[in-house]
Amino acid sequence: MTIRVREVGDSLVLTVPKSFNVKLGAVYTAEIKENGIITYRPAHKNPFEGNWFKNDIKQTDDITGDDEILDDEWE
């Protein structure tokens, strides 16, 4: 598949074919190598940001079905 660089406003654009199934609004990091290869990688959320780790961590016992609240190692 060949994709042509287009100019839109003050930007150059590489289109993404629909067959790639990229969701609208997806965020990627871009890198260009010395040999001209451009690489796009999905940007990942920083696991150390936010307060997700302050929530109660629960675990369900597969045998009894009981919910168990695990100790919070952050307190």
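Numbers here are sequence positions counted from 1. Since this is a predicted model, take the numbers as computed values, not measurements.
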Q | 4.5 Å side-chain heavy-atom contact, Val13 and Val5 | A | no

Practice task
Report yes if some heavy atom in the side chain of Tyr40 is under 4.5 Å from a heavy atom in the side chain of Val16; otherwise report no.
Solution key: no

- Is Asp10 atom CG crowded by more than 12 heavy atoms from other residues, nucleotides or ligands, each under 6.0 Å away? no

Separation between CG (Leu14) and CZ (Arg6), nearest 0.5 Å, reads 9.5 Å

Q. Is there a chain of hydrophobic side chains (I, L, V, M, F, W, Y, each step under 4.5 Å between heavy atoms) that links Ile37 to Tyr28?
A. no

Under 4.5 Å between side-chain heavy atoms, hopping through other hydrophobics if needed: is there a path connecting Ile38 to Leu12?
yes

Between the OG1 atom in Thr39 and the NZ atom in Lys33, the distance rounded to the nearest 0.5 Å is 5.5 Å

What one should report as the nearest heavy-atom pair of Pro17 and Thr15 is CD-O, 3.8 Å

